[in-house]
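A quick write-up on the structure given underneath.
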Protein chains: 4
Amino acid sequence: MPKPTFFNLKEEKREKIEIVAIKEFAERGFHGARLNNIVQEAVIAKGSFYQYFCDLEDLYTHLIIKLNRRKMDAIYEELKRHKTTDIFTQLALILKAVLQFIHSCGEDVLKMLNHPFPAFFYASEEIRELREKSEKTLFEPLIKEAIAKGDIIDDEDLAYSVLSHSGAIIREYLFHKAHSRDYFDIFSDEKAYNDAAELINNFIKQGLKAK
Amino acid sequence: MPKPTFFNLKEEKREKIEIVAIKEFAERGFHGARLNNIVQEAVIAKGSFYQYFCDLEDLYTHLIIKLNRRKMDAIYEELKRHKTTDIFTQLALILKAVLQFIHSCGEDVLKMLNHPFPAFFYASEEIRELREKSEKTLFEPLIKEAIAKGDIIDDEDLAYSVLSHSGAIIREYLFHKAHSRDYFDIFSDEKAYNDAAELINNFIKQGLKAK
Amino acid sequence: MPKPTFFNLKEEKREKIEIVAIKEFAERGFHGARLNNIVQEAVIAKGSFYQYFCDLEDLYTHLIIKLNRRKMDAIYEELKRHKTTDIFTQLALILKAVLQFIHSCGEDVLKMLNHPFPAFFYASEEIRELREKSEKTLFEPLIKEAIAKGDIIDDEDLAYSVLSHSGAIIREYLFHKAHSRDYFDIFSDEKAYNDAAELINNFIKQGLKAK
Amino acid sequence: MPKPTFFNLKEEKREKIEIVAIKEFAERGFHGARLNNIVQEAVIAKGSFYQYFCDLEDLYTHLIIKLNRRKMDAIYEELKRHKTTDIFTQLALILKAVLQFIHSCGEDVLKMLNHPFPAFFYASEEIRELREKSEKTLFEPLIKEAIAKGDIIDDEDLAYSVLSHSGAIIREYLFHKAHSRDYFDIFSDEKAYNDAAELINNFIKQGLKAK
DNA sequence: GATGAATGAGCGTTCATTCAT
DNA sequence: AATGAATGAACGCTCATTCAT
């Protein structure tokens with residue numbers, strides 16, 4: 001968690017540091033990122049960095065959490081805007097919101113997220129919370145309601161494990177179809193993405209719908 | 001690729017190095033692994049390490065390839081032993097073989113494989129081939145045959161993207177059910193794993209079976 | 001080129017590093033010189049060294065350039081002080097200035113310069129410029145003027161190749177006479193050196209003077 | 001000095017090692033040369049190398065001494081063939097013999113000799129002897145006789161210091177004229193070399209001839 | 001709060017030399 | 001005499017972190 005000093009910074013400076021850091025993490029991954037590069041690009045003193053963050057992990061975690069929060073906000077807003085109660089329509093809205101979010105972030109964020117997460121990431125308590133509070137919090141109420149309404153079969157765990165992998169399956173689908181491994185590709189062709197999303201959504205519907 | 005010197009080593013010594021390295025990679029990930037620790041634990045001179053491998057990446061890649069080959073061998077053996085042509089029975093066999101393979105390897109291998117792959121890994125030609133020759137080679141013929149026989153709907157890409165995520169969905173299911181994050185847990189309760197495998201298998205069947 | 005940090009150092013510290021480095025290069029040559037020895041003798045942290053210089057080559061080049069500049073300055077000052085236009089008087093002044101310069105530097109500098117230059121040295125652009133701007137710049141105008149005045153025969157290349165070896169011939173002369181191989185010896189007996197310089201100067205005059 | 005084992009080797013093998021070593025020293029200089037490369041190219045075991053030589057310095061010194069001996073032999077043969085007693089004709093013969101020797105050795109030898117001598121070289125007793133026994137032994141009798149005959153002025157030391165630099169002055173002359181630093185150039189144009197040799201020879205004659 | 005020079009543990013890697021076979 | 005695997009000291013260099021100003 002960044003130190004209070006960081007949040008007392010002028011918005012402009014704070015954003016500069018974040019943008020520069022995202023660029024560094026995007027270009028070189030967490031393990032390749034160098035504090036020297038970040039402070040140089042952000043035009044802050046090395047000592048100042050340690051007034052703002054404990055260390056590089058702290059900064060990295062901060063960025064991931066912030067991006068995740070913004071992603072979840074975008075999803076919730078999309079869900080709120082359409083006010084549907086059908087879980088498969090909701091899944092479609094979620095997938096669409098994710099696509100839009102990624103577009104809105106720019107290439108560096110995408111490149112950063114495309115790097116494998118560093119090992120410390122999985123060990124961190126902060127991250128455990130983050131995961132609990134994002135996908136679970138998102139899907140569980142939807143699933144519970146859909147079960148209550150009798151829309152899907154009565155297996156929360158199955159529904160969750162499938163829904164939470166829907167994004168990954170879409171990406172695998174597009175990768176496999178295109179024989180590509182370029183992460184950008186699959187987000188740039190909006191039509192192809194939406195078609196794949198609908199296909200996977202329908203696939204999931206087959207398996208989950210109440211008998 | 002390890003140097004010939006490595007393969008000329010006495011089996012005992014060669015295995016010791018591999019086991020020690022797996023442990024180090026398991027505990028700290030590739031980027032956290034330290035050559036010093038490995039040579040110390042394996043009781044070999046630092047210089048000797050470089051008689052066996054070009055560098056740490058070489059050792060890491062060797063281990064991943066070897067483990068992957070053993071996994072694929074186990075799967076193919078299982079498929080051969082049962083000689084079924086039903087794709088969903090085949091998927092069940094595959095999942096079972098993977099479970100057995102992981103049991104046979106021990107916890108360190110699992111922990112090592114659970115770490116995100118380092119970036120260099122994706123750049124390597126060796127690895128690209130490995131990936132082509134493993135999951136794709138495994139699933140594609142099964143899918144093609146099942147489509148030809150009219151057992152599943154005629155969408156190779158969909159089938160592939162779903163089947164290749166079946167393992168991940170099972171693990172997510174067990175994680176979510178157990179509220180656990182210990183990766184080895186989910187492989188230790190064989191019954192629970194097999195039940196989950198059957199459940200996910202059936203789920204997939206719903207979505208893929210020919211109409 | 002040393003980094004700005006080096007030039008911001010207190011004079012005392014900067015000189016200590018230079019003196020220590022000259023001693024190390026003098027005793028062991030560039031290829032034998034050890035960074036460990038330098039930082040230990042100079043009582044600075046290894047990391048600090050890299051705040052001051054890119055690497056050992058950087059330090060070595062810095063020293064050579066600095067010494068060369070000081071040598072050339074000494075020569076030009078001597079020439080300016082006496083304002084002669086006779087090329088052989090000028091050569092005598094140059095030889096005298098070199099002698100004084102070497103005396104002012106001490107034995108270590110002499111020993112350092114007596115080592116063969118490392119190979120990288122000849123590849124560097126910085127050094128190419130240095131060479132262009134030292135001996136050539138020094139001798140060529142003198143020669144051109146002497147030819148124009150009709151003082152020496154009209155062969156620039158011959159004059160240059162002979163004049164630029166005058167120092168080496170003097171040293172060989174003194175070595176041979178003294179049956180010595182200690183490089184510093186020949187500069188310590190000022191009288192002998194000056195006699196030799198005059199002798200060689202006269203020798204050259206015989207070959208170069210206009211007929 | 002190589003060990004007796006080396007001289008017991010079959011001529012063919014011995015020559016192979018020398019040729020390979022010359023190539024390695026030519027390409028990378030003494031400090032860049034790697035024993036690994038030499039034994040690999042010469043197809044001998046690393047351990048065998050130490051049966052033949054104490055270390056790399058031993059091999060290097062052996063090669064230099066051998067080449068020097070061959071050069072001196074070539075010079076003496078040339079002098080013997082023409083049986084002149086005029087010192088300047090003799091100098092011309094020496095310069096010519098050197099040119100021919102370098103041509104006969106091939107490019108690798110030239111490249112090897114073009115590298116600066118390593119520092120250990122100057123410290124070695126073996127080398128001191130070598131130098132004593134080559135240039136000095138060559139020039140001193142010639143000079144003594146020329147003085148006795150009254151052909152040149154009575155200053156042995158001057159004559160020696162000038163004659164022993166004649167080769168270097170020729171090279172400087174050709175370098176300067178061609179604005180080149182490529183060592184090969186100056187030996188490949190035989191005509192230019194011979195013209196320069198004659199020019200420098202005449203120059204020296206002016207300064208040395210008896211008045 | 002801001003600075004940036006100072007720090008030194010730690011890194012991966014090299015390679016001449018040894019020595020058991 | 002020949003081998004080549006084993007060795008480990010030594011190398012230059014990195015870079016997150018500290019700390020005096």
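Naming: A, B, ... by sequence-line order, numbering from 1 per chain. As a basis for the values below, the full set of heavy atoms in this structure was taken, side chains included, without hydrogen atoms, waters or symmetry mates.
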What integer distance in Å separates [X]:[atom1] from [N]:[atom2]?
X: Ile17(D); N: dA1(F); atom1: CD1; atom2: C1'; value: 13 Å
X: Leu35(B); N: dT14(E); atom1: CG; atom2: P; value: 12 Å
X: Lys3(C); N: dC15(F); atom1: NZ; atom2: C1'; value: 11 Å
X: Ile38(A); N: dA16(F); atom1: CD1; atom2: C1'; value: 12 Å
X: Gln40(D); N: dT3(F); atom1: CD; atom2: P; value: 14 Å
X: Phe53(B); N: dA6(F); atom1: CZ; atom2: C1'; value: 15 Å
X: Asp58(C); N: dC13(F); atom1: CG; atom2: P; value: 10 Å
X: His31(B); N: dG10(E); atom1: NE2; atom2: C1'; value: 18 Å

inquiry  = Looking at dA5(E), which nucleotide sits across from it as a Watson-Crick or G-U wobble partner, both distances under 3.5 angstrom, or is there none?
reply    = dT18(F)

task = May I ask which nucleotide in the shown strands pairs with dG12(E), Watson-Crick or G-U wobble, both distances under 3.5 Å?
result = dC11(F)

request  = Look at the side chain of Thr5(C) and the backbone N and O of Tyr52(C), then say whether any donor-acceptor pair between them is shorter than 3.5 Å.
outcome  = no

inquiry  = Return whichever of Ala33(B) or Leu9(A) has its heavy-atom-nearest nucleotide of DNA chain E closer to the 5' end.
reply    = Leu9(A)

ask   = Given that Asn37(C) and Ala45(B) both sit by DNA chain F, which one's nearest nucleotide is further toward the 5' end?
value = Ala45(B)

ask   = Which residue, Asp55(C) or Ile44(B), contacts DNA chain F at a nucleotide closer to its 5' end, judged by nearest heavy atom?
value = Ile44(B)

Sugar-phosphate only, base, or nothing, as touched by [X] at under 4.0 Å among non-hydrogen atoms:
X: Tyr52(D); result: sugar-phosphate
X: Asn8(B); result: nothing
X: Lys13(C); result: sugar-phosphate
X: Thr5(C); result: sugar-phosphate

request  = Look at the side chain of Tyr50(D) and decide which nucleotide, out of dT18(E), dT13(E), dG4(F), has an atom nearest to it.
outcome  = dT18(E)

ask   = Of the candidate nucleotides dA16(E), dA6(E), dT17(F), which contains the atom at the shortest distance from the side chain of Leu56(D)?
value = dA16(E)

Within the pair [X] and [N], is there a side-chain N or O less than 4.0 Å away from OP1 or OP2?
X: Asn36(C); N: dA10(F); answer: no
X: Arg34(D); N: dA16(E); answer: yes
X: Ser48(D); N: dT3(F); answer: yes

Between [atom1] on residue [X] and [atom2] on residue [Y], distance to nearest 0.5 Å:
X: Leu63(A); Y: Asn68(A); atom1: CG; atom2: CG; answer: 12.5 Å
X: Leu59(C); Y: Cys54(C); atom1: CG; atom2: SG; answer: 11.0 Å
X: Leu9(D); Y: Glu18(D); atom1: CG; atom2: CD; answer: 10.0 Å

ask   = Going by the angle between their ring planes, with limits at 30° and 60°, are Phe53(C) and Phe49(C) parallel, tilted or perpendicular?
value = tilted

Base of dT13(E) paired with side chain of Lys46(B) (donor-acceptor, under 3.5 Å) = yes

task = Using only heavy-atom distances, decide whether a donor-acceptor pair under 3.5 angstrom links the side-chain of Gln51(B) to the base of dA6(F).
result = yes

request  = For residues Phe30(C) and His31(D), establish whether the separation of their ring centroids is below 6.0 Å.
outcome  = no

